Amino acid sequence: MLKAVILIGGPQKGTRFRPLSFEVPKPLFPVAGVPMLQHHIEACSKLPNMKEILLIGFYQPNEELNRFLSCAQQDFKISIRYLQEYAALGTGGGIYHFRDQILSGSPEAFFVMNADVCSEFPLPEMLDFQKEHGDAYSFVILGTTANRKQSLNYGCIVENEQTDEVLHYVEKPSTFVSDIINCGIYLFTPEIFQHIGTVFQKNQQDMLLYYDEGEEQSNGWHRAEVIRLEQDIFTALAGQGKLYVYKTDRFWSQIKSAGSAIYASRLYLNQYHTTHPERLATNREGGPKTRGNVYIHPTANIDPTAVLGPNVSIGTGVTIGAGVRVRESIILHGATLQDHSCVLNSIVGWGSTIGKWARVEGTPSDPNPNDPYAKIDSETLFRDGKLTPSITILGCNVNIPSEVIILNSIVLPHKDLNRSFKNQIIL
């Protein structure tokens, strides 16, 4: 029997995803037409022995999350539960805190994955790899190749090339260590909890050693429970013959910033050709003209003279007028694009309106297309005191008047603009 754990974080995380994460928890943001998490759940549910999927995070249970869970349970016919941490406990602390729930029913192994990655999820291959390599007590990290410069932004893995054993693990090193990076998808056996338990006990002893009389006990207990898989567990396990890396050459990307959601959308839309051809729009008589991969929700109302694509996803109840052009963009539910407007490299928020002949445009933050190992850069918002040119984001209920240009800007929710803007955050 197998289980899967998806780490979904909480409201203090995902700050680079604002203003979009104001309206919906980041893991539920739609990528290629379905919530980000659904891609993970779909991959897990395809495994024959998968009995339960647990989401761990510190979001307050809310209506959107509950609705998503009940729909996903019905669609995938599998138990999906949300376990709420009392505080942010780190990637290892969360699974350790809920170890009884994960181990109930005695699974032989379980997957742990971060919600903010987009991937082809080679889970069956990881299971086969675990059987071939090492014993029943070995753990597997999914790895991929990055270029030298970008590898510094990830956890780096030095492997034994013959056995694929992890010899050395460093999280975000300051100098080059290895071009094999951690993808944030792991396959563990229940023995991992012994290793996490050792770190927890050590943390507790450290707390007692440095315990300051003026500090509340509860705060100290919480700090002992904060355990990071990457820095605290993998670094210690490397070189002990227990940790292996399965390298994939299939697509993988992080979804840290809103700009990376458009790139992730492109990767998933491309995958739909083999996994979900029914989700891709086709050019039909009386329908809009599509170029490349486009997802259109059946409830959207689109004028047949509009041209969409490549890499466009249109949400529920969106209205698109005559002569509209949309490319490399995500249009969220209830938005209206009036006649002859143009939207390029942008995310248009829920219920926003773009006036006639208006142009909303961003700068793509794609990886270097000439480097097969390039990953998307999670750029800082500002560089040299200036806003870094990136995709344009309209928060929810933003109104753009007719005949203006919004270029490389971020517009916070509930704004009525009255003129053109470029390279600005409009508060």
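Small disclaimer: the values here were computed from a predicted structure and weren't measured.
For Lys51, the NZ atom counts as densely surrounded, since its 6.0 Å shell holds more than 12 non-hydrogen atoms of other residues, nucleotides or ligands. More than 12 heavy atoms of other residues, nucleotides or ligands lie within 6.0 Å of CD in Glu278, so this atom counts as buried by the packing criterion. Remark: Arg327 CZ is loosely packed, at most 12 non-hydrogen atoms of other residues, nucleotides or ligands lying under 6.0 Å away. With a 6.0 Å radius and a threshold of 12 heavy atoms from other residues, nucleotides or ligands, Lys149 has its NZ atom at or below the threshold. Heavy-atom neighbours of Lys415 NZ from other residues, nucleotides or ligands within 6.0 Å: above the threshold of 12.
The side-chain contact (heavy atoms from CB on, under 4.5 Å) with His39 is formed by just one residue from the set Val117, Leu267, Thr275, Val34; it is Val34. If you run side-chain contact (heavy atoms from CB on, under 4.5 Å) between Tyr186 and each of Ile141, Leu243, Ile233, only Ile141 comes through. Considering Ile262, Asn293, Asn270 in turn, Ile262 is the only one that fulfils the side-chain contact (heavy atoms from CB on, under 4.5 Å) rule with Asn311. Shown are Ile347, Thr319, Val348, Leu308; of these, the side-chain contact (heavy atoms from CB on, under 4.5 Å) with Ile331 is made only by Val348.
The heavy-atom pair separating Ala258 from Ile393 by the smallest distance is CB-CD1, 3.3 Å.
Using a 4.5 Å heavy-atom cutoff, the side chains of His414 and Cys396 are in contact. Taking the side chain as every heavy atom from C-beta outward, Tyr82 and Leu54 never approach each other to under 4.5 Å.
Under the rule for a side chain to side chain contact (heavy atoms under 4.5 Å, CB included), the partners of Lys289 that lie at least two apart in sequence or sit in another chain are Asn283, Arg291, Val307.
Proximity of the aromatic rings of Phe139 and Tyr244 is defined here by a centroid distance below 6.0 angstrom, and this criterion is not met. You'll find the ring centres of Tyr154 and Trp252 inside the 6.0 Å limit. The six-membered or imidazole ring of Phe121 lies away from that of Phe111, with a centre-to-centre distance of 6.0 Å or more.
A salt bridge links Glu42 to Arg279: one of the charged nitrogens lies within less than 4.0 Å of a carboxylate oxygen. Salt bridge Glu159/Lys247: present, at least one basic N to carboxylate O contact under 4.0 Å. The existence of a salt bridge linking Arg359 and Glu361 is confirmed by a sub-4.0 Å separation between a basic side-chain nitrogen and an acidic carboxylate oxygen.
Between atom CD of residue Glu108 and atom NZ of residue Lys3 there is a gap of 11.5 Å, rounded to the nearest 0.5 Å.
Because its NZ or CZ atom is not both nearer than 6.0 Å to the ring centre of Tyr263 and within 45° of the ring axis, Arg266 does not count as a cation-pi partner of that residue.
Between Trp350 and Phe29, the ring planes lie perpendicular to each other; the angle is over 60°, past the 30° to 60° tilted range.
Under a 3.5 Å cut-off, the side chain of Ser409 and the backbone N or O of Ile425 do not form any donor-acceptor pair.
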